[in-house]
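I'd like to ask you about the structure that follows.
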Amino acid sequence: MIEIHKATIHAIELNLLSPFSTSYGTVTNRELLLLEVEDISGEAGWGEVVAFSTPWYTEETIQTCFHMLNDFLLPALIGKRLTTPLDLQEIFNPIKRNHMSKAAIDCAVWDLFAKKNNKSLSQALGGTKEAVEAGVVVGLDDIHKMVHKIDEHLKAGYKRFKVKIKPGADYDLIKQIRNHYPKLPLMVDANSAYSLNDLNLLQKLDEFDLMMIEQPLDSSDIIDHRHLQQQLRTPVCLDESIVSYDDARKAIELGSCQVINVKVGRVGGLTEAKRIHDLCQKSNVRLWVGGMLESGISRAHNIALASLENFTIPGDISASSRYWNKDVILPEVEVDDGLIHVPKEPGIGYRVDRIFLNKVSTYQKTYA
Ligand SMILES: O=C(O)CCC(=O)c1ccccc1C(=O)O
Ligand SMILES: [Mg+2]
């Protein structure tokens, strides 16, 4: 049992090493909220709000998450006694959606519980792997730059390569990449830039033997994706469309996808992510852990989640140095021969670099 005594929001801003472009637009500066929760004994757990500054990926933004945490979620959390992280549902249920703000609390509380029980977060979640496989994403760019980046990542040992596509940068782009790398474990992510009117084009991508096509159609659709999957050889993977266990259950029942990208923020936390994992394991749907251009805190949660058995496909989990000059955690996340070691230390298994945190902090607020 823990009693949440205090919580602090640390707003930070980090510069991406290079701008990241998707079919929606480009990210250069990364605003994030780091959430620190403490129990009576002073032990701390860490969470992260992974929403973007604008609502291009989901409807949430850093500002809407701050509003939810500041005005509803943190006032409800302070002073609460919890016997397990699952007890958070009582605080979350009266508040609709807003998954990324809830996920920050859920992850911080999971970290804190794991530390109190002297378990690694991986162990606390039921993870079984000692290391997880690292994948990497190459944003939309000039084809020569994209190929150059793939070369670099191949040398670093990454095990799965994802390329962003959009109308006008799809068939020819992937054809060129395939010509360079006939055997590369390659997949594409459209971030919902297509509709069923593009069926012919999407079917043409079948010739590239892609591992999967991620979120080709609308962000909230599971019906059109079913029609598409029936007419496509390439497995469909859903990202934006799956924001809960129930979404996953319905998409599986309809046959809308063969693979799901699980993002802790998008589904509202580790508890929901684990439920989706367990469901997909029973239903023979393959899984991997997605990424949000996040700091080391959220990266640590992703590593712990990916250590669960049914995350059989390398996720968008890359080294800290893929994104940042310097990360907020010590040590940083490193990829060794395509693998990331799963920490055995209590909780997330990484320390927060307080000196660096203060340097990149733009605003701080404590709730007690
Ligand atoms: O490397 C990462 O962190 C993930 C990159 C990525 O694909 C992504 C980044 C930002 C928003 C959405 C997505 C996505 O998976 O669709
Ligand atoms: Mg995606």
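We count ligands from 1, going down the list as the structure has it; atoms in each ligand are counted the same way.
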- request: Any chance you could lay out the side-chain contact (heavy atoms from CB on, under 4.5 Å) test for Thr26 and Phe20, step after step, and finish with the verdict?
  value: CA-CA 5 Å; Thr26 303; Phe20 186 85; 6.0 Å; no
- prompt: Can you tell me the protein heavy atom closest to atom 5 (C) of ligand 1 and the distance?
  reply: Phe20 CZ, 3.6 Å
Residues Ile213, Cys237; criterion side-chain contact (heavy atoms from CB on, under 4.5 Å); working and verdict: CA-CA 6 Å; Ile213 178 169; Cys237 169; over 6 Å; no
task: Check each atom of ligand 1 against the heavy atoms of Lys162 and keep those under 4.0 Å away; list them by number with element.
output: 7 (O), 14 (C), 15 (O)
- prompt: Relative to each other, are the rings of Phe161 and His153 parallel, tilted or perpendicular (30° and 60° limits)?
  reply: tilted
task: Between Val27 and ligand 1, find which residue part has any heavy-atom pair under 4.0 Å and reply side chain, backbone, both or neither.
output: neither
- prompt: Would you say Asn93's side chain and Gln89's backbone share a donor-acceptor pair under 3.5 angstrom?
  reply: yes
Heavy-atom nearest neighbour in the protein, as seen from atom 16 (O) of ligand 1, with distance rounded to 0.1 Å: Asn191 ND2, 2.7 Å
query: Closest non-hydrogen protein atom to atom 4 (C) of ligand 1, residue and atom name please, with distance?
result: Gly291 O, 3.3 Å
task: Measure Val136 to ligand 1 on non-hydrogen atoms and call it side chain, backbone, both or neither using the 4.0 Å cut-off.
output: neither
N/O/S atom of Glu214 inside 2.8 Å of the Mg ion (ligand 2), strictly under: yes
- request: Hey, could you give me the NZ/OG distance between Lys115 and Ser41, rounded to the nearest 0.5 Å?
  value: 11.0 Å
Side chain to side chain, Ile340 and Glu334, heavy atoms closer than 4.5 Å: no
query: Nearest protein heavy-atom contact for atom 3 (O) of ligand 1: which residue, which atom, what distance?
result: Leu293 N, 2.9 Å
message: Quick check with a 6.0 Å cut-off and a 45 degree axis cone: is Lys326 positioned over the face of Phe356's six-membered ring?
response: yes
- line: The N/O/S atom of Asp239 lying closest to the Mg ion (ligand 2) is OD2
field: Salt-bridge present (Glu272, Arg275; N to O < 4.0 Å)
entry: yes
- prompt: Side chain, backbone, both or neither: which part of Thr22 has a heavy atom under 4.0 Å from ligand 1?
  reply: neither
query: Is the distance between the ring centroids of His10 and Tyr363 under 6.0 Å?
result: no
query: Apart from Val259 itself, what residues make up its hydrophobic cluster when side-chain heavy atoms of I, L, V, M, F, W and Y under 4.5 Å apart count as a link, directly or indirectly?
result: Met187, Met211, Met212, Trp288, Ile313
- request: Evaluate the salt bridge (Lys or Arg N to Asp or Glu O under 4.0 Å) criterion for residues Lys129 and Glu309: first the C-alpha distance (whole Å), next the side-chain angles of each, then the deciding distance (0.1 Å), finally the verdict.
  value: CA-CA 7 Å; Lys129 299 177 207 160; Glu309 207 178 2; over 6 Å; no
message: Considering non-hydrogen atoms of the protein only, which is the closest contact for atom 13 (C) of ligand 1, and what is the distance?
response: Lys263 NZ, 3.3 Å
task: Would you mind checking which non-hydrogen protein atom is closest to atom 10 (C) of ligand 1, with the distance to 0.1 Å?
output: Phe52 CZ, 3.3 Å
statement: Of all N, O or S atoms in Asp189, the one closest to the Mg ion (ligand 2) is OD2
statement: For atom 2 (C) of ligand 1, the closest protein heavy atom turns out to be Tyr323 OH, 3.4 Å
task: Select one of side chain, backbone, both or neither to describe which atoms of Lys164 lie under 4.0 Å from any atom of ligand 1, heavy atoms only.
output: side chain
Heavy-atom gap Glu214 to ligand 1 smaller than 4.0 Å: yes
message: Taking distance alone, with N or O pairs closer than 3.5 Å, would you say Val137 contacts ligand 1?
response: no
- request: Tell me, please, if Glu240 has any N/O/S atom, main chain or side chain, under 2.8 Å from the Mg ion (ligand 2)?
  value: no
query: Could an N or O of ligand 1 be found under 3.5 Å from any N or O of Trp56, whether backbone or side chain?
result: no
query: At their closest point, which heavy atom of Ser122 faces which heavy atom of Val342, and how far apart are they?
result: CB-CG1, 3.6 Å
